[in-house]
Amino acid sequence: MVSENPFGEFRRECEGALGYALEKVLPEIRVAALPLSKPPNIEFGQLASSLCFELAKKLNQKPQALAEQLVKAIDKVDFSLIAKVSSVGGYVNFHVDFAKFSALTLASIRQLGYGYGFLKTAKPLKVIIEHTSVNPLHPIHIGQARNPMLGDALARILQSRGHAVSKHYYIDDVGRQSSVIAYGYVKLGKPQPDEKADHFVGKIYTVTSCIVEINRLKKALVMAKAVGDMDEVARVNKELDDWVSIAAELKEKFPSIFDKLLAKISEDENPEEEINKLNRAYEKGEPAAKALIREVSELCLEGFRETQKRVEVFYDSWDWESDFVWSSQVSEVLQRLKASPFVFSEGGVLEFDAEKTARELQLKAKLGLSEAHEISPLTLVRADGTTLYTTRDVAYTLWKFSRSEKVINVIGMEQSLAQLQLKLLLYALGYGQYAENFVHFAYNLVTLPGYKMSSRRGRYITFDEVLDEAVERAYEEVSKRSPSLTEAEKRKIASFVGVGAVRYALVDVDASKPVVFTWDRVLNFETNSAPYVQYTHARACSILRKAEKQPETPAFELLSERLERELVLALAGFPEIFVEAADYLKPNLIADYVNALADKFNTFYNALPVLKAEPLGLSDARVVLTDAIHIVLHNALDLIGVVAPEKM
RNA sequence: GGGCCCGUAGCCUAGCACGGAUUAAGGUGUCGGCCUUCGGAGCCGGAGAUCUUGGGUUCAAAUCCCAACGGGCCCGCCA
């Protein structure tokens, strides 16, 4: 017999038994659901119900007395996996028949192999996951790296759940910043990158924007002095000081680029205006501007792709924001918005009344907002007729829904308001269905302990640096532990161990929690890390290699040690954990699960022999158990994009 | 001023959506053990927690509700 969900099998039987007993003992009672949960201790069975506590109050009886009646009413003959039912302190405890359950679980895992655990949804959907979407201005930094790690894990999980997942990267190339970098790039004479392209672009961007900013502030200072606005003078001065110190920093770090850019930019009467001009030309889609900004953006994206390849994150579609502006899609959205009762014009500026939308369409409770929550209005169109980011995002979102049924945006929680406004815009346009299938997967910030990361100021630790460091550390470890390996083998192992460690560290914490970046967190190679799980997997594989022959006569009933039973239970529970991770979008559950399983296996490994166990039937059963462990570790690691190696 | 997120041993985290059991679970650090056969990136043991505080709901609260405190974020004709 084979089951896709062994523990679910047992759960169904327990539900059946409990329902049956309730019907028999208290036919007049109706309960909404039969509560069943895992007891804190294996001694109390494998599933337990606290039903009697609820009933006790209603019926004015003692929970224990009720529990005893229910237990008595259950006829075990009708069930196959339930070995014993008992009542302890008012609980009804179900004990699994381990001989049968181990056989079922282990046979199922062997049979299903690398497909085990991935229960398919009853309602497969076309899902678009947008993630990463770092602006092509500078390298991806560690604060942003949490995004692709979460996004990619989600994509893998939902795909395994049976959804048709498409991974999208939104390239935000419409906006002043893109013109800033393009402007600097031209001033330098469109140089060939002499390093990784995104790092190169990042330098130019930071230096250019710094010089332009100082230039602007100096002019503002003259103006303020002329009008005699002393408060303004003080404010501008302070900001100027700040930027001047950044300039000093940058000049020191990148002297040649800095000097060259300073000289070239100084030739321009008004760099600010040059940049704005380029920006306007780009939005209009003028060929020269188009060619230039796309060229610089592509350069940066080329660097991103290199990094993404290292961590094995790939996209199905790269969507340019500018394409939506140049096509009629944004203006069409605008036309429809203007007709909405929730959009009004004020002095030539188009505004969206998000609060009114939520109130009149009675959405607050539905969206989990308190009635007191006042939602800020949103500007859709500037006085000069140009659109804003969220306005363009509406067109993009509609486009996404034209090719999918569900949209998941992996975007930092600091954008919660904008994402809420976007959802309300969908409602306002009459796309209630879309709005309900629009998910903002918000994650909390990654911060550095010392200072605030700022990409504008060039203050960040890049994702590449973190990966380099992790792989370097892994290389030292491998060299120390396995000196006999060839150089190529060491490099290969170091790569998947280092990358795995980083991926795991960024997925392991609940997405809603803030993370303070420390090297210790990411370079952890011990318990509760990818390397630990990878090592455990390699250990299991090593036993299987040494077993040589197939286990022909496994006697599963001999797996009677507590450790063995806990392992079987953990393995049998993987499908349910997977479903929870998929349906509630919680990739960290997978990391927690895989670590706990590795933990249990290592304890088992140290306590009990596998190959030398007596009799043969036990040894064979333990080999099958080890095989099942290796399969489930592999399957779970795969969901978070971590390689499960046979050797390391 | 309004709103959102976070607050669990020295440090890092799990548990909270769906309230339940003697003893709040791991890791790290710390103290002490294990060259135990199959890989020591490992294993075993000790010490370490008024689950931020105060109220409330309940037979039962880390978990639900209210308030306060501490930290972060957002409220732009930026993206």
Side-chain angles (χ1 to χ4, degrees), chain A residues 33 35 37 39-41 43-44 48-50 53-54 56-57 63 88-91 93 135 137 172 174-178 321 346-351 369-370 372-390 392-393 412-418 420 442-445 447 474 477-478 480-482 497 508-510 512-516 518 520-521 524-529 531-536 538-547 580 584 586 588-589 591-592 595-596 598-599 602-613 622-623 626 647-648:
Chain A
S37 58
N41 191 316
E43 308 288 313
F44 293 135
S49 180
S50 57
F53 292 94
E54 292 171 39
K57 186 84 194 296
V88 181
Y91 289 90
N93 292 342
N135 297 181
L137 307 167
D172 179 11
V174 180
R176 223 187 66 102
Q177 302 149 312
S178 294
E321 186 179 12
E346 205 176 66
V349 176
L350 208 62
E351 297 272 349
L369 308 169
S370 71
H373 188 163
E374 284 253 352
I375 307 162
S376 316
L378 174 76
T379 301
L380 296 167
V381 179
R382 295 186 188 92
D384 68 1
T386 55
T387 55
L388 283 100
Y389 180 81
T390 307
R392 301 190 289 266
D393 210 357
M413 59 139 248
E414 71 276 11
Q415 297 219 42
S416 292
L417 177 59
L420 176 63
Y443 60 92
N444 216 316
L445 265 46
T447 53
E477 291 289 322
V478 187
K480 204 164 66 192
R481 291 167 203 282
S482 314
V497 168
D508 162 56
V509 180
D510 188 299
S512 71
K513 302 219 182 196
V515 163
V516 177
T518 58
D520 279 356
R521 183 192 286 274
N524 177 25
F525 285 26
E526 293 174 13
T527 309
N528 198 12
S529 72
Y532 171 73
V533 180
Q534 289 172 317
Y535 174 74
T536 309
R539 257 182 156 181
C541 289
S542 170
I543 291 181
L544 296 171
R545 267 197 307 276
K546 294 209 161 94
E580 201 178 334
Y584 290 96
K586 297 187 101 174
N588 62 309
L589 291 183
D592 288 346
N595 181 250
D599 240 339
N602 279 318
T603 303
F604 164 79
Y605 181 95
N606 275 275
L608 302 165
V610 174
L611 300 176
K612 291 186 180 166
R622 285 185 180 161
V623 171
T626 304
K647 288 182 189 171
M648 66 184 269

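Numbers restart at 1 for each chain; the letters A, B, ... are given by sequence-line order, proteins then strands.
- Here B/G40 presents its P atom at 13 Å from CE of A/M648, a figure rounded to the nearest Å.
- Rounded to an integer number of Å, the gap from A/K586 NZ to B/A17 C1' is 7 Å.
- At a threshold of 4.0 angstrom between heavy atoms, the contacts of A/P35 with the nucleic acid are absent.
- Among the atoms of the strands shown, none is found under 4.0 Å from any heavy atom of A/A56.
- Nucleotide B/U37 has no partner under the Watson-Crick or G-U criteria, as no pair reaches both atom distances under 3.5 Å.
- B/G1 and B/C75 make up a base pair, with Watson-Crick or G-U wobble contacts both under 3.5 Å.
- Each of A/F604 and A/H373 has a nearest nucleotide on RNA chain B; the 5'-most of these lies closest to A/H373.
- Between A/Y535 and the phosphate of B/G42, there is no side-chain N or O to OP1/OP2 separation shorter than 4.0 Å.
- Within 4.0 Å of A/F53, counting heavy atoms only, lies at least one base atom of the nucleic acid.
- With both pairing distances under 3.5 Å, B/U58 is matched to nothing as a Watson-Crick or G-U wobble pair.
- Taking the C1' atoms as reference points, B/U53 lies 44 Å from B/C77, given to the whole Å.
- Side-chain proximity of A/R539 to the nucleotides B/A17, B/G39, B/A14 is greatest for B/G39.
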Under a 4.0 Å heavy-atom criterion, the protein footprint on nucleotides 66-79 of chain B, written with B, S and -, is ------BSSS-BSB
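- Using a 4.0 Å heavy-atom criterion, one finds that A/L544 contacts no nucleic acid atom at all.
- Rounded to a whole angstrom, the distance from the C1' atom of B/G45 to that of B/C66 is 45 Å.
- Distances were taken from every side-chain heavy atom of A/L589 (C-beta onward) to each of B/G39, B/U37, B/G15; the shortest belongs to B/G15.
- If you take atom P in B/U13 and the same atom in B/C6, they sit 13 Å apart, rounded to whole Å.
- Put simply, CG on A/D510 is 17 Å from P on B/U63, counting in whole angstrom units.
- Nucleotide B/A49 is matched to nothing when pairs are restricted to Watson-Crick or G-U wobble geometry with both distances under 3.5 angstrom.
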I would like to know whether A/I543 and A/Y605 meet side-chain contact (heavy atoms from CB on, under 4.5 Å); could you show each step before the answer? CA-CA 10 Å; A/I543 291 181; A/Y605 181 95; 3.7 Å; yes
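- Contact annotation: side chain of A/E54 to base of B/A60, donor-acceptor pair absent below 3.5 Å.
- Going from the P atom of B/C5 to that of B/C18 covers 15 Å, rounded to whole Å.
- Residue contacts shown for A/S542 include a base, since a base heavy atom lies under 4.0 Å away.
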Show, in sequence, the C-alpha distance, side-chain angles and deciding distance for A/V610 and A/F604, and conclude whether the side-chain contact (heavy atoms from CB on, under 4.5 Å) test is met. CA-CA 9 Å; A/V610 174; A/F604 164 79; 3.9 Å; yes
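- Shown here, B/A25 forms a base pair with B/U13; the pair counts as Watson-Crick or G-U wobble because both key distances fall under 3.5 Å.
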Treat primed atoms plus P, OP1 and OP2 as sugar-phosphate and everything else as base, then score nucleotides 23-28 of chain B 5' to 3': B for base contact with protein heavy atoms under 4.0 Å, S for sugar-phosphate contact only, - for none. ----SS
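- The nearest whole Å value for the distance from the OH atom in A/Y605 to the P atom in B/U37 is 9 Å.
- When the C1' atom is compared between B/G42 and B/C35, the two are found 13 Å apart, to the nearest whole Å.
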Full working for side-chain contact (heavy atoms from CB on, under 4.5 Å) between A/L369 and A/I375: CA-CA 10 Å; A/L369 308 169; A/I375 307 162; 3.9 Å; yes
If you apply the rule side-chain contact (heavy atoms from CB on, under 4.5 Å), what do you find for A/N444 with A/V515, and how did you get there? CA-CA 7 Å; A/N444 216 316; A/V515 163; over 6 Å; no
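- Within the 4.0 angstrom heavy-atom criterion, no nucleotide atom of any strand lies near A/D393.
- Comparing the P positions of B/U52 and B/U8 gives a spacing of 6 Å, expressed to the nearest Å.
- The distance from atom CG of A/D592 to atom P of B/A14 is 7 Å, rounded to the nearest whole Å.
- A donor-acceptor contact shorter than 3.5 Å links the side chain of A/N606 to the backbone of A/N602.
- The minimum heavy-atom distance linking A/Y389 with A/E321 is given by the pair CD1-OE2, 3.7 Å.
- Between the CZ atom of A/F525 and the P atom of B/G42 there is a distance of 12 Å, rounded to whole Å.
- Regarding A/Y532, its OH atom lies at a distance of 13 Å from the P atom of B/G40, rounded to whole Å.
- As a whole-Å value, the separation of A/N588 CG from B/C16 C1' is 13 Å.
- The partner of B/U63 cannot be assigned: no Watson-Crick or G-U wobble pair with both contacts below 3.5 Å exists in any strand.
- A distance of about 22 Å separates the P atoms of B/G54 and B/A17, rounded to the whole Å.
- Rounded to the nearest Å, the gap between the C1' atom of B/A25 and that of B/A67 is 31 Å.
- Taking every side-chain heavy atom of A/K513 into account, B/A14 is the closest of B/G39, B/A14, B/G3.
- With RNA chain B read from its 5' end, the first of the two nearest nucleotides for A/A538 and A/F44 is the one closest to A/F44.
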